[in-house]
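What follows is a short report on a single structure.
This structure is a prediction, so every number in the text was calculated from the model and none was measured.
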Amino acid sequence: MKAVCWHGAGDVRVETVPDPAILYPRDAIIKVTSTAICGSDLHLYDGVIPTMQKGDILGHEFMGEVVEVGAAVKNLRKGDRVVVPFTIACGHCHFCERTLWSLCDNSNPNAWMAEKVYGSTSGSGLFGYSHLFGGYAGGQAEYVRVPFADTGPMKVPESLTDEQVLFLTDIFPTGYMAAENCNIQPGDTVAVWGCGPVGQFAIKSAYMLGADRVIGIDRHPKRLKMAKEQGGAEVLNLDEVEVGEALKEMTGGWGPSHCIDAVGLEAHGSGIEGIYDNVMNALKLETDKPAALRQAIVACRKGGTVSIPGVYGGLLDKMPMGAAFAKGLTFKMGQTHVHRYLQPLLERIVQGELDPTFVITHRLKLDDAPEGYRTFRDQKDDCIKVVLKP
Ligand code: NAD
Ligand code: ZN
């Protein structure tokens, strides 16, 4: 089959690789019909997530048709059309039972590596996201093996197109959980740093969850325009205003009730590989980054929440912890518990409350994935979200 393979920073290739096969009774094989490139893939593309190996198959946002199931998978059959959460979860461990799916204790055989990189345990296995998260082959491919297929994949109605449901695999739940983590109350103002795909869904979700005002922050005019026109947000261009001052002014001096960091690692183009280099990389960026997270903490209103869907790795220094402590802030972060949101968010799509296709700007063949990565990474051609068709 064909698959998008990682070969180093800035180097992804479409290659012919062996087809996946059922390895365990709870596995299924999915024929991928649509897959997308995520901002998280850019961290791999930039070489800032350690333990990638040459030839690793990328991709964690994908859906398709079940072509084979293991003996223990009773809920799926050949021919079923499913979306697959990017987080891999066993469904039965201490964490899965508490719906903390992205912290599953049984799906990441390489959790020990996290002890070395982060000095602590890590979360669940992830598709196509380095050996630190289990080394699973990803879904930017013609076929993919889905472990614990009796727990993760959700069947989707034929009446909806691939593009309408594809983002249930990640960015819609991610934006939604980021907003839900803010515990939004009537009258609240929510500021969202980053108007990429995740930020766009965070903006929409903040309104769905009752925010009075949402403010989107970015520097990319097309993304700000989308946040304003599609999301109904007020927007700030960080190249044109001093963000902290502007937020104060817009909120009567109080700052936003809650702040969402949908930016994460901003190390585009650093090209550093290796297990410990990630930490060094984070330290090197220490002087001016992570700008968004620091701004969010400083700007946030007393008693508010700083919600962090943006992905971080390694160490970050110079965090304004004094401000966070003095203001009694709450921090919420982590990989999304996608399984928790599949059904409820599908219902919102079915009911026409939200059409997730609004973020798509580029549709390419799987063969054109290298161009897709470059275009998305450099925000060329006003790119916001790339969907690949195997
Ligand atoms: P993206 O790279 O397309 O979007 C990031 C946006 O942030 C860009 O539009 C960029 O212009 C903007 N930006 C950069 N620096 C900024 C700053 N200082 N202030 C404000 N905006 C700034 O990526 P995406 O797909 O939208 O993903 C966003 C983040 O969410 C990434 O870190 C990604 O890894 C993460 N993510 C997390 C989860 C999860 O489970 N927690 C899931 C998916 C994605
Ligand atoms: Zn993603």
Side-chain angles (χ1 to χ4, degrees), residues 39 160 163-218 220-238 243 246-252 254-264 292 295-296 299-301 303-310 330 332-333 336-338 340-361 384-385:
L160 297 172
E163 290 183 356
Q164 284 175 294
V165 291
L166 176 61
F167 304 137
L168 287 169
T169 61
D170 180 347
I171 55 172
F172 186 9
T174 295
Y176 191 87
M177 189 171 107
E180 193 182 66
N181 275 342
C182 294
N183 188 22
I184 296 168
Q185 302 298 315
D188 279 356
T189 297
V190 178
V192 179
W193 274 257
C195 298
V198 169
Q200 299 290 341
F201 280 100
I203 290 168
K204 292 247 185 203
S205 301
Y207 278 125
M208 279 182 194
L209 289 163
D212 193 39
R213 294 169 72 194
V214 182
I215 304 168
I217 303 150
D218 204 297
H220 192 267
K222 179 78 188 287
R223 292 175 181 222
L224 289 169
K225 187 165 182 264
M226 183 179 278
K228 192 172 172 183
E229 289 176 3
Q230 306 274 343
E234 298 162 65
V235 296
L236 292 176
N237 186 328
L238 64 102
V243 172
L247 287 171
K248 244 193 214 167
E249 217 167 275
M250 293 166 85
T251 54
W254 277 9
S257 326
H258 308 288
C259 294
I260 296 176
D261 170 4
V263 179
Q295 272 177 1
C300 195
R301 187 176 302 181
T305 299
V306 176
S307 167
I308 313 171
T330 300
K332 298 277 258 178
M333 66 193 82
T336 305
H337 304 301
V338 179
R340 201 195 273 171
Y341 299 98
L342 285 175
Q343 198 65 49
L345 294 185
L346 174 66
E347 275 159 32
R348 288 189 188 259
I349 297 170
V350 170
Q351 283 158 16
E353 237 180 286
L354 182 140
D355 178 2
T357 60
F358 77 97
V359 287
I360 304 172
T361 51
I384 298 179
K385 188 74 179 175

In short, Ala262 meets Val192 closest at the heavy-atom pair CB-CG1, 4.3 Å
Check whether Tyr207 reaches the backbone of Gly232 with its side chain - one donor and one acceptor, N or O, closer than 3.5 Å. yes
Sub-4.5 Å side-chain heavy-atom contact between Leu238 and Trp193: no
Check for a donor-acceptor pair, side chain of Lys228 on one end and backbone N or O of Gly216 on the other, with a separation under 3.5 Å. no
Nearest atoms (heavy-atom pairs only) where Val306 meets Ala296: CG2-O, 4.2 Å
Is the backbone of Thr251 close enough, under 3.5 Å, to the side chain of Arg301 for a donor and an acceptor to pair up by distance? no
Specify the closest pair of heavy atoms between Gln164 and Leu160, including all atoms of both residues, with the distance to one decimal. OE1-CA, 3.4 Å
Could you measure the distance from the CG atom of Leu236 to the CD atom of Glu249? Nearest 0.5 Å is fine. 10.0 Å
Do you know the tightest heavy-atom contact between Ile184 and Gly210? CG2-C, 3.8 Å
Taking all atoms of both residues into account, what is the closest heavy-atom pair of Cys195 and Leu224, and its distance? SG-CD2, 4.2 Å
Determine whether Lys204 and Phe172 satisfy the following criterion, side-chain contact (heavy atoms from CB on, under 4.5 Å), listing intermediate values before the conclusion. CA-CA 9 Å; Lys204 292 247 185 203; Phe172 186 9; over 6 Å; no
Would you give the length of the straight line joining atom OG of Ser205 to atom CE of Met177, rounded to the nearest 0.5 angstrom? 12.0 Å
Which value, rounded to the nearest 0.5 Å, describes the distance between Glu163 atom CD and Thr357 atom OG1? 7.0 Å
Please report the C-alpha distance between Lys332 and Asn183 in whole Å, then the side-chain angles of each, then the deciding distance to 0.1 Å, and finally whether the side-chain contact (heavy atoms from CB on, under 4.5 Å) criterion is met. CA-CA 11 Å; Lys332 298 277 258 178; Asn183 188 22; over 6 Å; no
Spatial distance of atom CG (Leu166) from atom CD1 (Ile171) [nearest 0.5 Å]: 7.5 Å
Single hit among Asn181, Val190, Val198, Ile217 for side chain to side chain contact (heavy atoms under 4.5 Å, CB included) with Ile260: Val190
Okay, side chain of Thr361, backbone of Ile384: is any donor-acceptor separation there less than 3.5 Å? yes
Any side-chain heavy-atom pair from Asp170 and Val338 closer than 4.5 angstrom? no
Which distance, rounded to the nearest 0.5 Å, do you find between the CD of Glu229 and the NZ of Lys222? 9.5 Å
With a 4.5 Å heavy-atom cut-off, do Gln200 and Lys385 have their side chains touching? no
What do the steps show when you test Tyr176 against Leu209 for side-chain contact (heavy atoms from CB on, under 4.5 Å), and what is the final call? CA-CA 9 Å; Tyr176 191 87; Leu209 289 163; 3.3 Å; yes
For the backbone of Thr189 and the side chain of Ser257, can you confirm whether one donor and one acceptor N or O come within less than 3.5 Å of each other? yes
How close do Gly231 and Ile203 get, heavy atom to heavy atom, and via which atoms? O-CG2, 3.7 Å
side-chain contact (heavy atoms from CB on, under 4.5 Å) between Ile349 and Leu345, worked out: CA-CA 6 Å; Ile349 297 170; Leu345 294 185; 5.5 Å; no
